[in-house]
Number of protein chains: 2
Amino acid sequence: MNDRSARRLAMLQEALASGGTLHLRDAAELCGVSEMTIRRDLTTQPSAISLLGGRLVMANYPGVTPVYDLTEQQASHYHVKHRLCQRAAGFIEEGDTLFIDCGSTLIPLLSQLSHFRELTVVTYALNVANSVAGLPNVRLVLLGGLFYASSQSFGSDNMEAAIERLGINKALISAAGVDYERGVSCFHFHEVAPKQAAIATAMQRFLVVDASKFGVVRPAYFATLADFDVVVTDDEQAPALLVSGSTPLPDISLA
Amino acid sequence: MNDRSARRLAMLQEALASGGTLHLRDAAELCGVSEMTIRRDLTTQPSAISLLGGRLVMANYPGVTPVYDLTEQQASHYHVKHRLCQRAAGFIEEGDTLFIDCGSTLIPLLSQLSHFRELTVVTYALNVANSVAGLPNVRLVLLGGLFYASSQSFGSDNMEAAIERLGINKALISAAGVDYERGVSCFHFHEVAPKQAAIATAMQRFLVVDASKFGVVRPAYFATLADFDVVVTDDEQAPALLVSGSTPLPDISLA
DNA sequence: CACTTAATGTTATAATTTTAACATTATCGC
DNA sequence: GCGATAATGTTAAAATTATAACATTAAGTG
């Protein structure tokens with residue numbers, strides 16, 4: 001509501017931009033006002049900074065996500081994807097070159113990569129890259145291009161070629177929809193090329209999808225179920241339904 | 001030190017992966033142990049999670065940076081780079097296609113990009129991409145490749161070609177060393193190609209360096225001072241020293 | 001310049017978090 | 001199964017942070 005208040009906030013935002021935390025005490029001294037004023041600056045108006053136990057922290061990168069409290073329920077919702085990824089991780093071997101698809105499904109997998117001595121991760125997703133960038137045992141290859149915020153991923157016209165150069169061992173693919181007759185689909189068309197290229201070059205292909213994706217159809221088809229070697233899922237009905245087909249169908253790994 | 005402890009940490013890391021915070025109380029319930037145990041999990045071993053005023057937060061993306069406390073001094077140290085970037089931002093115009101170099105110098109610039117209606121940012125640095133990925137008015141092009149953690153940037157053998165395709169308007173380049181006789185240098189050799197390509201294709205070239213970089217020589221030379229149109233710096237002696245040469249030299253923009 | 005209002009500072013109190021010491025329960029090897 | 005050790009739980013005291021109410025200072029207006 002105040003000109004000076006806004007300037008103080010900008011000042012603090014600078015200080016925090018590199019990702020540390022600033023004690024309320026120091027923030028007050030830095031701005032030359034009392035702690036109470038900083039407190040009010042932070043509560044009066046919406047800002048990218050939150051106060052957590054006396055320390056100022058930047059509401060999470062990149063700039064938008066506010067620091068909110070997860071409830072126990074919300075947190076436990078990750079268990080499904082976590083279980084899925086635990087199962088998927090069982091297929092990973094020392095020294096593998098993995099293609100990791102975009103989306104939120106495979107994110108839990110990445111925290112399990114630190115147990116290996118040496119791996120290579122190939123991805124076209126920013127969130128995947130971020131989750132892996134800190135691991136010293138993982139060689140990260142990010143396929144760049146134009147950024148699509150909705151899927152946190154990149155797209156470019158030569159991504160197919162780039163992927164085919166890479167000697168990918170195992171492709172871990174996620175999807176927004178899996179239909180037994182029509183095939184596997186996702187939301188965005190720019191995801192089709194990298195997914196297909198990865199499926200084409202990888203030696204083993206894994207489709208990782210939770211139960212909610214079955215019977216769902218999304219705008220962009222990119223594969224049939226027969227393109228995969230293994231489907232990792234928590235849908236107990238999936239195995240029964242899959243048997244019906246006559247073409248060579250993937251194994252089901254139930255998490 | 002403990003198998004279960006590690007599993008709990010992984011579990012919590014999952015829950016926090018999307019960027020919220022989790023109250024110690026909820027974390028304890030989620031894991032089915034007491035708050036004290038979670039406390040110990042977090043203090044006994046190094047982890048990406050820190051406890052801030054009773055709430056668990058992910059130590060900042062990407063993965064490595066621990067949540068540390070900035071002192072007042074450290075925080076005010078950002079003012080130098082902030083001033084530099086404020087000056088540099090003055091050269092940016094609506095609709096520009098900017099090449100943003102890797103390193104920490106240009107990061108403060110990115111928070112000033114939200115004032116424009118429409119911009120394109122080209123970069124080969126993960127931290128730059130992260131800072132820009134949330135801005136709805138910025139089109140982001142990330143040049144991918146193999147990730148180099150030390151500089152948070154990517155390198156690949158066809159980066160030159162990729163850059164030259166892009167129609168970059170203004171190149172904002174940072175450096176680790178600037179020597180009046182020997183030229184401009186950085187630490188890592190993989191940075192040379194993208195920097196040179198950007199300098200070659202851009203219509204305007206800006207070198208953004210604080211005073212501490214002058215007179216310093218680093219392993220990899222990538223340009224001479226004459227390659228730049230403008231040098232943005234806070235070194236008051238820079239202008240005087242630059243006049244000495246006879247070749248066409250850049251303007252100095254003093255912040 | 002007095003008056004009004006907004007902004008900031010101060011203080012005391014309430015709520016919460018942290019720490020430390022000790023009690024209890026599990027785990028492992030023999 | 002028993003003893004030793006590690007892991008976890010419980011409790012109370014100490015430290016810190018949050019809140020609210022009121023005092024003070026600064027800014028804006030007729």
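Computed from a predicted model, the values in this text were never measured in an experiment. Chain letters run A, B, ... following the sequence lines, proteins first, then strands; residues in each count from 1. Quick note: numbers below take in every heavy atom, side chains included, and nothing from hydrogens, waters or symmetry partners.
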- Message: Assuming nearest nucleotide by heavy-atom distance, tell me which of B/Thr43 and A/Asp41 is located more 5' along DNA chain C.
- Response: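 Nearer the 5' end of the strand: A/Asp41.
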- Is B/Arg8 touching bases, backbone alone, or none of the nucleic acid, heavy atoms closer than 4.0 Å?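 The residue B/Arg8 makes sugar-phosphate contact but no base contact.
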Could you report the tightest heavy-atom contact between [X] and [Y], atom names first, then the distance?
{"X": "B/Ser174", "Y": "B/Leu207", "result": "C-CD1, 4.4 Å"}
{"X": "A/Ala211", "Y": "A/Thr233", "result": "N-OG1, 4.1 Å"}
{"X": "B/Glu93", "Y": "B/Phe116", "result": "C-CE2, 4.0 Å"}

Any N/O pairs under 3.5 Å between the protein and nucleotides 9-16 of chain D? List them or say none.
unit_1	atom_1	unit_2	atom_2	d
D/dG9	OP2	B/Ser34	N	2.8
D/dG9	OP2	B/Ser34	OG	2.9
D/dG9	OP2	B/Thr37	OG1	2.4
D/dG9	N7	B/Arg40	NH2	2.6
D/dG9	O6	B/Arg40	NH1	3.3
D/dG9	O6	B/Arg40	NH2	3.3

- Message: Please tell me whether A/Phe228 and A/Phe206 form a close aromatic pair, meaning their ring centres lie under 6.0 Å apart.
- Response: no
- Query: Under 6.0 Å between ring centres, would you say that holds for A/Phe154 and A/Tyr148?
  - Reply: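 Not close enough - the centres of the two rings lie 6.0 Å or further apart.
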Length of the [atom1]-[atom2] vector between [X] and [N], whole Å:
{"X": "A/Leu24", "N": "D/dT19", "atom1": "CG", "atom2": "P", "result": "12 Å"}
{"X": "B/Ile38", "N": "D/dA7", "atom1": "CD1", "atom2": "P", "result": "15 Å"}
{"X": "B/Arg25", "N": "C/dT16", "atom1": "CZ", "atom2": "C1'", "result": "10 Å"}
{"X": "A/Leu56", "N": "D/dT17", "atom1": "CG", "atom2": "C1'", "result": "13 Å"}
{"X": "B/Leu51", "N": "C/dT19", "atom1": "CG", "atom2": "C1'", "result": "13 Å"}

- Option passing side-chain hydrogen bond (donor to acceptor under 3.5 Å, both in side chains) with A/Asp229 (candidates A/Gln204, A/Lys170, A/Arg205):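 Only one option passes, and that is A/Arg205.
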Are there any protein N/O atoms within less than 3.5 Å of an N/O atom in nucleotides 26-28 of chain D, and if so, which ones and at what distance?
unit_1	atom_1	unit_2	atom_2	d
D/dA27	OP1	A/Arg4	NH2	2.7

- Test side chain to side chain donor-acceptor pair (under 3.5 Å) applied to B/Thr21 and B/Arg55, step by step: CA-CA 6 Å; B/Thr21 79; B/Arg55 258 160 259 142; 5.0 Å; no
- Carefully, step by step, assess A/Val128 and A/Leu106 under the rule side-chain contact (heavy atoms from CB on, under 4.5 Å). CA-CA 8 Å; A/Val128 172; A/Leu106 290 168; 5.9 Å; no
